[in-house]
Amino acid sequence: MVPSTPNTVPPAERGEPPAFEAVYREHYRRVYALTLRMTADPQRAEELTQDVFVKVWQTLDTFRGESRLSTWIHTVAVRTTLQRIRTDTRREARVTTTDDLARYGAEARRAMPETRIDLERAIARLPTGARTVLLLVDVEGHAYEDAAKLLDVTVGTVKSQLHRARKLVMEALER
Amino acid sequence: MSEPVQHPTETELFDLADGTLEPPARAAAEHHLATCAACAAEVARMRRTLDGLAALPRAAEPAADLWPALLARLEAERAEADGVIPLRPRRSPVEGAAPWLRRAAVAVLLLGAGAVAGRMSAREPQVASLAPVPVNAAEDPVLRFAADGASTPLEAAADIQRTGTAFVMALGAFHDLGARAGDDARAQAYEAAMGAMYGAAREITRLAPEASTGSAEVYRAVSTVRQSTAPAGDRPLGPRF
């Protein structure tokens with residue numbers, strides 16, 4: 001069994017990659033759930049999960065315990081994923097084809113057996129901006145101000161994106 | 001006789017549903033809901049959706065174990081950081097000597113290798129005493145080489161980091177040669193030098209906390225060489241980094 005990690009990780013103790021496995025094992029499922037929903041793309045979500053933990057490992061000595069480690073890792077995950085989504089112009093960021101949606105739905109069902117697939121699919125169909133805001137506020141539970149800070153937008157923008165996202169989700173559920 | 005009914009805006013209904021509607025507007029909205037079935041149904045629908053979203057699982061299991069690939073990336077990063085660290089350009093570089101030798105020489109001088117306190121034990125590493133060798137920087141080409149450019153403790157610490165890494169790589173080679181020749185004295189000298197490196201890193205962290213990242217790099221570099229050169233079955237050579 002992997003022991004739970006302390007709230008602060010002294011630089012000297014995180015120097016060896018194998019020692020980092022404990023941090024990874026404790027937090028990877030949460031990170032994968034976030035990247036999976038934010039990208040609606042299982043393959044990219046796996047790559048991003050790794051990217052997130054590389055970033056966490058690189059910057060772990062900047063974590064001073066002012067928040068919980070899980071909160072800090074979550075922030076790194078959101079920022080890393082957003083950065084990737086914004087710079088990735090090779091593909092449509094939005095799930096548009098029925099194949100994509102089916103593939104995402106299958107992965108969501110496998111990775112989160114207890115989830116509501118109708119909600120997952122409704123979220124996956126949202127435009128990227130709306131989807132991100134909905135995930136941060138209504139799924140992950142961030143306050144408007146926190147979400148605005150993470151996304152580098154105003155609270156007003158968060159609210160309008162959020163309401164648009166909620167409407168679209170409710171419409172999708174009606175179908 | 002009756003005025004047109006003022007329904008709350010959709011935004012207000014959403015805010016009511018998620019609990020962020022401010023008190024004055026909230027009282028008015030709730031009052032309205034008591035007599036308007038359509039709005040009440042809409043808010044109920046919104047609340048059901050929000051409850052569903054809030055209840056979604058926040059953990060998901062990837063299809064495959066991602067750790068092995070991640071570990072490989074972390075190892076590659078660490079190897080890159082240890083192996084290829086360009087020296088900052090100097091105003092008066094020492095000609096002729098191989099770069100790693102110059103850097104190792106600087107490290108020896110900076111660490112006062114003659115003042116090493118002794119072997120490191122597995123559990124309680126002794127901090128090597130760092131009595132700097134007094135030299136005249138203006139006359140000594142190697143020290144002039146070292147002193148040029150470093151104008152802040154942070155820069156100096158970064159130089160030590162880079163130098164230290166090259167130093168331990170050279171020590172690793174030294175150890176290998178000694179081990180192959182069955183040379184115990186050389187192995188002991190290697191151990192003492194590693195102890196000095198570790199002690200130096202601890203001192204840096206203590207004296208210049210802002211340079212602790214550099215010290216972490218030295219820790220890693222020391223750890224790498226130690227683990228790669230430790231004979232099989234031996235006790236661990238020092239604290240686990």
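Reminder, nothing fancy here: chain letters follow the sequence lines and each chain counts from 1.
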Go through A:R110 and B:E61 one step at a time and tell me if the salt bridge (Lys or Arg N to Asp or Glu O under 4.0 Å) criterion holds. CA-CA 8 Å; A:R110 187 207 58 78; B:E61 192 68 47; over 6 Å; no

Hey, mind stepping through A:F53 and B:R73 against side chain to side chain contact (heavy atoms under 4.5 Å, CB included) and telling me if it holds? CA-CA 10 Å; A:F53 280 98; B:R73 280 177 69 176; over 6 Å; no

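When heavy atoms are compared at a cutoff of 4.5 Å, B:A63 approaches chain A by way of both its backbone and its side chain.
Comparing A:E140, A:E120, A:E107, A:R116 by heavy-atom pairs within less than 4.5 Å of chain B, the highest count is held by A:E140. When the candidates A:R166, A:E114, A:M112 are compared by the number of heavy-atom contacts under 4.5 Å with chain B, A:R166 comes out ahead.
Interatomic distance, CG of B:L56 versus CG of A:D138, reported as 10.0 Å (0.5 Å rounding). Note: B:W67 CH2 to A:F20 CZ = 6.5 Å, rounded to the nearest 0.5 Å.
Shown here is A:E174, whose CD atom has more than 12 heavy atoms of other residues, nucleotides or ligands within 6.0 Å.
B:F14 and A:H163 have parallel rings, their planes meeting at less than 30° on a 0 to 90° scale where 60° marks the start of perpendicular.
Using modelled atom types and a 3.5 Å distance limit, the side chains of A:Y144 and B:D18 yield a donor-acceptor pair.
No side-chain heavy atom of B:P62 sits under 4.5 Å from any side-chain heavy atom of A:T49. Looking at B:R58 and A:R29, their side chains never come closer than 4.5 Å, going by heavy atoms from C-beta outward.
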